[in-house]
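The structure appears right after this line, and notes come after that.
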Number of protein chains: 2
Amino acid sequence: MSRPNPVIKDTLLDAAETIAARDGVARLTFDAVAAEAGVSKGGVLHYFTTKDQLIEGMVKRTATRWRDYFKAAYDNEPEGPGRMTRGLLKSCFTDAQTWTEALRRAFGSVFAALAHNPALIEPMREAYTEFYHYVEQDGLPPGVAESVTTAMDGLWFYWVLRLRPVNQGDLDRMRGALELTLDDALKSVAQAAA
Amino acid sequence: MSRPNPVIKDTLLDAAETIAARDGVARLTFDAVAAEAGVSKGGVLHYFTTKDQLIEGMVKRTATRWRDYFKAAYDNEPEGPGRMTRGLLKSCFTDAQTWTEALRRAFGSVFAALAHNPALIEPMREAYTEFYHYVEQDGLPPGVAESVTTAMDGLWFYWVLRLRPVNQGDLDRMRGALELTLDDALKSVAQAAA
DNA sequence: ATGCGTAAACCGTCCAGACGGTCTGGATCA
DNA sequence: TGATCCAGACCGTCTGGACGGTTTACGCAT
């Protein structure tokens with residue numbers, strides 16, 4: 001094998017995420033990552049020669065996962081107006097069990113980036129730019145897709161930042177209201193087309 | 001004066017926010033705060049004896065401001081269903097110029113807390129708990145007040161985290177859609193009362 | 001008014017430890 | 001034998017915090 005083992009890289013990124021989430025980003029050090037992953041510091045530095053690289057790795061992986069996630073939500077949804085909005089509402093706003101600790105941990109990489117070097121969130125920003133592209137062109141009246149998806153993401157941020165607990169009831173109530181908004185918008189689109 | 005000068009404390013907190021926002025939370029050190037505020041390190045330590053205290057001070061101040069903000073938005077709004085929702089929509093979703101760098105900086109304190117010691121965001125969580133109390137009891141159909149306010153806060157998070165630029169057009173479009181949702185909800189409340 | 005005592009405000013230095021990163025050495029493969 | 005992988009000792013720097021010293025502000029007796 002001539003290139004660094006990607007499996008080990010993932011293990012190291014997992015360890016980094018765990019530390020950032022559990023102990024705070026300030027304690028995200030090479031030593032800590034090594035200990036958490038069960039390797040030596042030299043081992044970590046072999047794959048990520050600087051801390052910027054480590055954090056960039058975390059952010060890139062999370063950004064890729066987020067991109068894959070919303071694209072899958074889009075692809076699995078039937079065509080027509082509100083496809084992105086419908087897809088997201090269905091895939092992440094039905095079951096609170098999908099809001100796992102792993103997901104929360106993953107988003108910690110953004111905070112790590114913000115703390116260490118704000119420029120490193122760029123990959124995440126790009127993923128969001130792409131996401132917003134879908135949202136803008138979702139074929140709903142102005143602002144509707146933005147509002148519904150941003151409400152979902154807002155709740156997600158509350159949860160990730162631990163500013164609010166999120167339970168199944170919260171999800172159900174908000175989904176009910178958002179689906180109503182969405183249905184009204186879809187009707188008005190259909191009406192305008194007629 | 002027998003108690004520490006609160007004006008100087010505010011100056012130090014301002015300096016801390018500036019550093020956190022400009023250089024990243026990792027560079028938020030006593031030395032840096034001292035230099036930014038134009039005092040000595042000893043001077044900073046006189047007012048905040050540990051870093052936890054410094055960050056707690058930042059979070060508490062921001063939490064208090066947020067609390068004052070949404071309470072003012074509530075108080076300035078005529079009574080009736082959706083008072084909190086209407087107030088917030090009016091006060092922070094009409095003019096993009098109210099989304100100042102100072103506000104963004106202030107929220108950096110939450111990231112500082114999350115990075116250094118996650119437990120320190122508690123004052124902010126309490127402010128949000130209180131906010132959510134208003135939202136829950138806003139007298140709108142289930143989930144509507146939550147959805148509208150969370151959409152607003154979601155955009156706010158995008159902006160603070162620099163995941164998306166936010167301009168006047170974004171604000172206007174979303175406000176249009178959210179006001180429509182709100183009006184429909186108000187109508188249905190009025191209808192149910194009749 | 002003046003001098004004095006005391007306490008708070010603030011400064012600047014010091015240190016132990018932790019940090020990011022370098023480097024050397026050994027193991028394990030091809 | 002050479003290249004890759006990884007271990008871990010090591011180094012210079014920076015950090016949080018302690019600490020002792022100095023200045024300022026103020027109450028109070030004279």
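Quantities reported herein were computed from a predicted structural model and do not represent experimental measurements. Proteins get letters first, then strands, A, B, ... in listed order; numbering begins at 1 in each.
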Interatomic distance where [atom1] belongs to [X] and [atom2] belongs to [N] [whole Å]:
| X | N | atom1 | atom2 | value |
| --- | --- | --- | --- | --- |
| Lys9(A) | dC5(D) | NZ | P | 11 Å |
| His116(B) | dT15(D) | NE2 | P | 14 Å |
| His46(B) | dG20(D) | NE2 | C1' | 15 Å |
| Leu45(B) | dA8(C) | CG | P | 18 Å |
| Asp31(B) | dG12(C) | CG | P | 12 Å |
| Arg27(A) | dA18(C) | CZ | P | 10 Å |
| Phe48(A) | dT22(C) | CZ | C1' | 19 Å |
| Ile8(A) | dT28(C) | CD1 | P | 15 Å |

Nucleotide nearest Ser40(B) (side chain, heavy atoms from C-beta), chosen from dG20(C), dG16(D), dC11(C):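 Among dG20(C), dG16(D), dC11(C), the one nearest the side chain of Ser40(B) is dC11(C).
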Looking only at the side chain of Thr50(B) (C-beta and beyond, no hydrogens), which of the listed nucleotides dG21(C), dG17(D), dA7(D) gets closest?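 That would be dG17(D).
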Distance below 4.0 Å between Lys51(A) side-chain N/O and dG20(C) OP1 or OP2: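 So the side chain of Lys51(A) is within the cut-off, an N or O lying under 4.0 Å from OP1 or OP2 of dG20(C).
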Which is it for Phe157(B) and Phe107(B) under the ring pair (Phe, Tyr, Trp, His ring centres under 6.0 Å) test, yes or no, and what are the steps along the way? CA-CA 9 Å; Phe157(B) 285 135; Phe107(B) 205 81; 5.8 Å; yes
I'd like to know if Lys41(B) reaches the base of dG17(D) with its side chain, counting only an N/O donor and acceptor under 3.5 Å.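 By the distance-only test, yes, there is a pair.
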Can you see whether Phe30(B) has Lys51(B) sitting over its ring - NZ or CZ less than 6.0 Å from the centre and within 45° of the normal?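 Pair Lys51(B)/Phe30(B) does not count as cation-pi.
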Looking at Phe48(B), does the NZ or CZ of Lys9(B) lie under 6.0 angstrom from its six-membered ring centre and within 45 degrees of the ring axis?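 Judged by the rule (NZ or CZ under 6.0 Å from the ring centre, within 45° of its axis), Lys9(B) counts as positioned above Phe48(B).
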Mind checking Leu54(A) for me? I need base, sugar-phosphate or nothing, with any heavy atom below 4.0 Å counting as a touch.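 No contact.
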Under 4.5 Å between side-chain heavy atoms, counting indirect links through other Ile/Leu/Val/Met/Phe/Trp/Tyr residues: same cluster for Met152(B) and Leu180(B) or not?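 No, separate clusters.
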